2 protein chains.
Amino acid sequence: MTKPPVIDPRRTLTLRDVSEASGVSEMTVSRVLRNRGDVSDSTRERVLEAARTLGYVPNKIAGALASQRVNLVGVIIPSLSNMVFPEVLTGISDMLEDTGLQPVVGVTNYSPEREEAVIYEMLSWRPSGMIVAGLEHTEASRAMLAQAGIPIVEIMDIDGEAVDSAVGISHRRAGRQMAEAIIAAGYRRIAFCGTMMPYDHRARKRLEGFEEALAKAGLTLADREFYSGGSALLKGREMTEAVLKRTPDVDFLYYSNDMIGAGGLLWCLEKGIDVPGKIGLAGFNGVELLDGLPRRLATMDACRLEIGRRAAEIIAGKHDGVIGGEVIELTPTLQPGDTIRR
Amino acid sequence: MTKPPVIDPRRTLTLRDVSEASGVSEMTVSRVLRNRGDVSDSTRERVLEAARTLGYVPNKIAGALASQRVNLVGVIIPSLSNMVFPEVLTGISDMLEDTGLQPVVGVTNYSPEREEAVIYEMLSWRPSGMIVAGLEHTEASRAMLAQAGIPIVEIMDIDGEAVDSAVGISHRRAGRQMAEAIIAAGYRRIAFCGTMMPYDHRARKRLEGFEEALAKAGLTLADREFYSGGSALLKGREMTEAVLKRTPDVDFLYYSNDMIGAGGLLWCLEKGIDVPGKIGLAGFNGVELLDGLPRRLATMDACRLEIGRRAAEIIAGKHDGVIGGEVIELTPTLQPGDTIRR
DNA sequence: ATGGGTTATGTTACCGCTAACAGCCATAGG
DNA sequence: CCTATGGCTGTTAGCGGTAACATAACCCAT
């Protein structure tokens with residue numbers, strides 16, 4: 001004796017429900033809903049009508065399993081509160097807009113272990129491609145990405161070895177370039193303020209490039225100060241005050257990002273310090289926020305939107321023919337603003 | 001004659017590969033990898049070893065289809081560049097941390113149509129729950145959410161009708177409360193600066209509540225100014241200047257968010273305007289940025305972290321027993337800062 | 001030896017959809 | 001008239017896992 005068919009009114013609908021409601025096979029319904037193959041107009045109408053009135057939402061899990069196709073692109077970034085990454089995401093979304101591909105974001109909080117877990121989780125959904133911030137990953141992460149058999153694009157940074165493709169700028173060069181501009185402007189007692197996070201490799205590379213250029217000019221950092229956590233704007237103030245108290249003859253402050261730079265700028269202006277006469281300031285990133293500040297902070301644009309676009313392009317382009325292994329270096333432009341002497 | 005088994009070294013691995021490599025059935029491998037059921041230590045060892053050396057990553061698509069379980073929670077927000085939403089996300093992630101649930105973010109850019117599309121897309125992956133910002137959705141969106149048979153939590157706002165559960169604050173009440181504080185401080189010529197986005201319902205409700213309270217005191221807005229797009233800090237400056245030029249006797253400016261409020265504050269301080277003596281200022285949100293400003297802007301905390309946490313809690317809690325229909329009202333606290341007379 | 005209870009592993013039948021192919025009908029051409 | 005062609009629809013066999021049940025091996029108490 002078979003169980004009576006219990007019809008649960010709240011169970012989720014399947015193709016079969018739509019097929020029964022419209023009197024055609026499941027396959028035809030599937031074709032209609034995906035706009036595939038030939039279906040007569042009258043049938044299409046009936047199917048769409050049925051799907052609409054039932055409120056049918058296809059099950060992509062089943063679809064993806066059957067078709068071996070997943071329209072997702074994994075995007076792995078260290079943080080959302082940095083403002084840099086949302087902007088990269090915007091670039092990615094823009095470019096993916098009408099490719100049928102969909103970005104899915106994972107956040108690592110600058111932790112390599114967390115990154116490894118997020119990569120594993122993402123790959124287990126078999127995305128069509130992955131975009132990962134940075135070139136530094138655990139051994140296992142690199143192996144997983146390399147094995148995945150999908151296009152991988154590492155973004156933001158190109159100073160290092162890419163698993164597959166890469167789009168970014170050279171942070172080492174960016175640091176160097178800024179140092180050269182500062183030295184050319186006549187500053188000599190130069191200090192650095194930045195993040196202490198051990199895993200912010202890009203900030204580290206900028207500082208390395210910066211010190212490299214200083215060394216070439218026979219200079220060394222006059223002072224340095226690090227922070228972690230808290231309101232970046234406030235930290236910028238505090239660090240600036242600390243450095244100037246400890247090393248009063250400093251004549252330039254290089255910040256590892258614009259937010260703390262802005263804090264420093266506000267503090268200097270409040271104290272009536274002559275910027276850029278007595279002290280020059282520079283940050284990094286070119287954040288929109290700066291437009292509203294009393295004075296334009298010197299900075300370097302990190303090409304965030306462009307990085308997102310190009311990365312997405314690589315993924316979308318590879319959708320069919322797999323090529324792989326491109327490295328695209330973008331060149332940030334130095335925006336001297338009003339905080340470096342001319 | 002059968003085809004010779006072509007072993008593609010780059011094809012993605014399946015349970016079968018691990019099972020063959022370790023000499024047990026696929027089922028046992030599955031059990032090991034999910035820590036389910038009884039497996040002897042020696043077998044477990046062998047299986048894990050095999051999986052590790054092969055670099056096997058499970059296929060969650062297949063797993064989800066078979067088990068009818070998906071460990072994803074859809075989170076739908078209007079924007080990532082608002083700083084409010086990343087913070088809500090942080091609250092959600094924190095709370096979901098060790099529930100095995102994973103947030104997946106979708107962005108609507110404040111467009112109801114886009115929201116509808118994103119909801120459809122998300123539901124097609126059959127998530128375990130959905131967290132959606134706001135109470136205003138298209139007819140179709142509401143229907144889809146209601147039909148989905150999963151816990152739905154609408155966040156940020158509670159002034160309206162929820163599909164299922166809701167966690168947020170009353171923006172109408174928040175606006176009213178701020179107006180009352182301003183009036184109590186003796187200000188009378190009060191103007192408003194805010195976003196023009198037609199779909200920022202929460203800003204609208206705050207303004208409605210604000211005007212309501214003004215009316216009760218026999219007052220009306222002395223002026224109003226709207227913006228859209230661009231650097232909020234800069235827009236804050238521009239709007240402030242515009243209002244004060246057009247209506248010089250204004251003695252208070254209420255901003256729809258802290259960023260434009262901060263711009264206004266910086267502008268006033270630069271112009272040497274006495275704040276809060278001649279002009280009072282207030283914003284909304286309690287963003288971290290404010291800590292670094294020369295003066296603390298009056299604002300109201302929107303309970304963003306708490307909202308994220310509570311929403312996640314509802315989703316996670318319902319994982320088993322479905323209850324539904326809770327509405328949690330959080331109460332924002334007014335932070336008078338230094339820009340309202342006392 | 002028998003039976004009952006563990007513990008550890010294997011077998012079977014799907015989950016909901018789609019690729020690939022098969023079939024059917026009408027029309028057009030020979 | 002028959003066959004070729006193309007448009008439309010249906011059938012079959014998985015995709016890669018997991019739930020549920022079946023089985024085997026071993027233990028101990030009877």
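Quick caveat: nothing in here was measured; it's all calculated off a predicted structure. Chain letters run A, B, ... following the sequence lines, proteins first, then strands; residues in each count from 1.
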List the residues meeting side-chain contact (heavy atoms from CB on, under 4.5 Å) with B/S124, not counting sequence neighbours, and say none if there are none. A/V57, A/K60
Apply side-chain hydrogen bond (donor to acceptor under 3.5 Å, both in side chains) to A/E329 and list each qualifying residue two or more places apart in sequence or on a separate chain. A/R173
Who passes side-chain contact (heavy atoms from CB on, under 4.5 Å) against B/E26, sequence neighbours left out? B/L15, B/R16, B/S19
Is the backbone of A/R202 close enough, under 3.5 Å, to the side chain of A/D157 for a donor and an acceptor to pair up by distance? no
Estimate the overall bend of the helix from C/dA1-D/dT30 to C/dG30-D/dC1 from the end axes over five pairs each, rounded to 10 degrees. 60°
Contacts of type side-chain contact (heavy atoms from CB on, under 4.5 Å), residue A/V163, not counting sequence neighbours: A/R142, A/L145, A/A146, A/E154
Expressed in angstrom and rounded to an integer, what is the separation of A/W125 atom CH2 from D/dG16 atom P? 15 Å
Can you sort out the partners of A/N59 under side-chain contact (heavy atoms from CB on, under 4.5 Å), two or more places apart, ordered by chain and number? A/I61, A/A62, B/R126
For A/S93, all residues meeting side-chain hydrogen bond (donor to acceptor under 3.5 Å, both in side chains), sequence neighbours excluded: none
Taking only residues two or more places apart in sequence or in another chain, which ones pass side-chain hydrogen bond (donor to acceptor under 3.5 Å, both in side chains) with B/Q102? none
In this structure, how many angstroms lie between the C1' atom of C/dG10 and the CG atom of B/D38, rounded? 15 Å
Would you indicate, yes or no, if D/dG16 has its OP1 or OP2 atom less than 4.0 angstrom from a side-chain nitrogen or oxygen of A/Q68? yes
Salt bridge (Lys or Arg N to Asp or Glu O under 4.0 Å) partners of residues 129-138 of chain B, not counting sequence neighbours, each pair once: B/E136-B/K205
Which parts of residues 40-47 of chain A get close to DNA chain D, meaning a heavy atom less than 4.0 angstrom away? A/S40, A/T43
Contact under 4.0 Å: A/S25 side-chain N or O vs D/dT11 OP1/OP2: no
Output a table of nitrogen or oxygen pairs between the protein and nucleotides 17-20 of chain D separated by less than 3.5 Å.
unit_1	atom_1	unit_2	atom_2	d
D/dG17	OP1	B/Y56	OH	2.7
D/dG17	OP2	B/L15	N	2.8
D/dG17	O5'	B/Y56	OH	3.3
D/dT18	OP1	B/R34	NE	3.2
D/dT18	OP2	B/S30	OG	2.0
D/dA19	OP1	B/R69	NH2	2.9
D/dA19	OP2	B/R34	NH1	3.0

Pair listing, salt bridge (Lys or Arg N to Asp or Glu O under 4.0 Å) test, anchored in residues 89-118 of chain B, at least two apart: B/D94-B/R309
